[in-house]
2 protein chains.
Amino acid sequence: MKVSVSKEDHLKAIFHLQQEHGTVTTNALAASLGTRAASVTDMLKKLKEQKLVNYERYKGFKLNNEGKKAAVQIIRKHRLWEYFLVKKLQFGWDEVHEIAEELEHISSRKLIDRLDAFLGHPDTDPHGDPIPDSQGRLQVRRQVSLAELPLNKPAQVSGIASQTSEMLELLQYNHIRLGTRLEIRKKFPFDHSLEVKVRNRPPVTLSAQVAKNVLVTDDEPPTEKR
Amino acid sequence: MKVSVSKEDHLKAIFHLQQEHGTVTTNALAASLGTRAASVTDMLKKLKEQKLVNYERYKGFKLNNEGKKAAVQIIRKHRLWEYFLVKKLQFGWDEVHEIAEELEHISSRKLIDRLDAFLGHPDTDPHGDPIPDSQGRLQVRRQVSLAELPLNKPAQVSGIASQTSEMLELLQYNHIRLGTRLEIRKKFPFDHSLEVKVRNRPPVTLSAQVAKNVLVTDDEPPTEKR
DNA sequence: TTTTAATTTTAGATTTGTCTAAAATTAATT
DNA sequence: AATTAATTTTAGACAAATCTAAAATTAAAA
Ligand SMILES: [Mn+2]
Ligand SMILES: [Mn+2]
Ligand SMILES: [Mn+2]
Ligand SMILES: [Mn+2]
């Protein structure tokens, strides 16, 4: 049986959801895909049949090893294409997601390995997310949300949790990009907003909602070559 | 109504067929797509509904202006991606067709215009076929089949009519590529095979079937920059 | 100009992916 | 523990793209 575009999108979404919550629920997956619970149930039966997912009705579900492998390959393609679009075709980091959502379904394995080599084996995508290598190994990151960063502790932006283009546009406007070095100057308990200082720039204020979605590491470059 | 992948493949195939025969027949299209006549009829009704094709039942059909415009855009994408695969990712010209068959359906207009610029606005693809420009203008070529080339007249390979990978592999083996300068040394009336001479190489013999599918121009580069 | 052959279309099925509404199950509250 | 609420699944429907087999139409041959 074939793994269609829709199945690939389901696998990828399950993978991301189970990263956070271990096991995934029908409603959560439907929400994440912009579809309905009934449709998710239908699809799960097919994915179970194909032995990509462990699923018992009413009990929630998660990818098995095969499913995880498949999902990681799709994520690899998504992120490599995003990198290509930004680095080679001059797209902004807030414009690439939709296009990669289509490109990730191109099937040729050789294509993606050649693309990887052409790009110099990058290890993070334009949003700071790690790119799985050709064996599907995905490096783990130790990063915290900016909301949890202690006052005056230098850190470096290494990822963005909520990657809507509205969010990315807001960050762009405030000159916060991947790799930006910053520290928190002040925390306002009233609304949990923060004043953040970037070198050579006037301080900017970020809402708690924004801060929660900016991920930082202890001032260390997020990209190290292999 | 949406233009699906399958509809795009139909439009493209109709375009190519009508180049040759003016009007297209149900069976011809089915053969060209590896599908059945009944399926073609079904699809034609949808394409007519969408006003992309002029179709009266039992009378044959052809693309109207809208349909032609759509088809040319798909061809543009197909050929630009082929160029990218060969020139940037080091694929052989006989390996790229299947992959481009998928890539041509990626929808972003901005992507394809950026890709075009990134590649330096090439005007022919790796098989010598012209790449439509961003306005959809497609240059016409004056080329003849190698089978019709007069004896001892220098010419240059500018296109391949039958682009199966078997054909491309055979040409590769005989050191015949796009742009190769050659002339015919001898014609064998018995089977219409030809002896062809390429500079600095021993002469090679080509069957009539191959010769018919190798297109040449009067020894003039096929690619001229705009 | 009949008759026969080829082509094209219709009728009716099937598969895939989706939906809504109703039923079944599980979870949360009195 | 009984009732209510939320979640999940099933039942039944629909659109898209395909198929086979039969009917309609057109073209070719006798
Ligand atoms: Mn996708
Ligand atoms: Mn990304
Ligand atoms: Mn295609
Ligand atoms: Mn080509």
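Every chain is numbered from 1 and lettered A, B, ... according to where its sequence line falls, protein lines coming before strand lines.
- In this structure, A:Lys46 does not reach the C:dT16 phosphate: none of its side-chain N or O atoms is under 4.0 Å from OP1 or OP2.
- For the pair A:Met43 CE and C:dT16 C1', the interatomic distance rounds to 8 Å; values are reported in whole Å.
- Between B:Arg36 and D:dT20, a side-chain N or O to OP1/OP2 separation shorter than 4.0 Å is present.
- In A:Arg177, the CZ atom is not crowded: 12 or fewer heavy atoms of neighbouring residues, nucleotides or ligands sit closer than 6.0 Å.
- Base engagement by B:Ser39 is indicated by at least one non-hydrogen atom pair under 4.0 Å involving a base atom.
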Distance-only donor-acceptor pairs under 3.5 Å for side chains of residues 49-65 of chain B, two or more places apart:
from	atom 1	to	atom 2	distance (Å)
B:Asn64	OD1	B:Glu66	N	3.1
B:Asn64	OD1	B:Gly67	N	2.8
B:Asn64	ND2	B:Lys51	O	3.0

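- One interatomic measurement links the two molecules: CG of B:Asp9 to C1' of D:dA16, which rounds to 15 Å at whole-angstrom precision.
- Each end of the helix from C:dT1-D:dA30 to C:dT30-D:dA1 gets its own axis from five base pairs, and the two axes differ in direction by 10°, given to 10 degrees.
- Not counting sequence neighbours, B:Lys7 has no partner by the side chain to side chain donor-acceptor pair (under 3.5 Å) test.
- Per the geometry, NZ belonging to B:Lys7 stands 7 Å off P belonging to D:dA16, to the nearest Å.
- The side chain of A:Ser6 places no N or O atom within less than 4.0 Å of a non-bridging phosphate oxygen (OP1 or OP2) of C:dT16.
- In terms of the ring-ring contact (aromatic ring centres under 6.0 Å, His included) criterion, B:Tyr83 has no residue partners (sequence neighbours excluded).
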Quiz prompt | Base versus backbone protein contacts along nucleotides 2-14 of chain C [heavy-atom cut-off under 4.0 Å; B, S, -] | solution = -----SBBB----

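- When the P atom of D:dA15 is taken as reference, atom CD of B:Glu49 falls 12 Å away, rounded to whole Å.
- For the side chain to side chain donor-acceptor pair (under 3.5 Å) condition, no pair includes a residue of residues 15-40 of chain B, sequence neighbours left out.
- Every residue two or more places apart in sequence or in another chain was checked for a salt bridge (Lys or Arg N to Asp or Glu O under 4.0 Å) with B:Lys87, and none qualifies.
- A cation-pi arrangement is present between A:Lys88 and A:Phe118 under the rule of less than 6.0 angstrom and at most 45 degrees off the ring axis.
- The nearest whole Å value for the distance from the CG atom in A:Leu29 to the P atom in C:dT18 is 11 Å.
- Residues passing the ring-ring contact (aromatic ring centres under 6.0 Å, His included) test with A:His10, sequence neighbours excluded: none.
- Residues meeting the salt bridge (Lys or Arg N to Asp or Glu O under 4.0 Å) test with A:Asp113, sequence neighbours left out: A:Arg76, A:Arg109.
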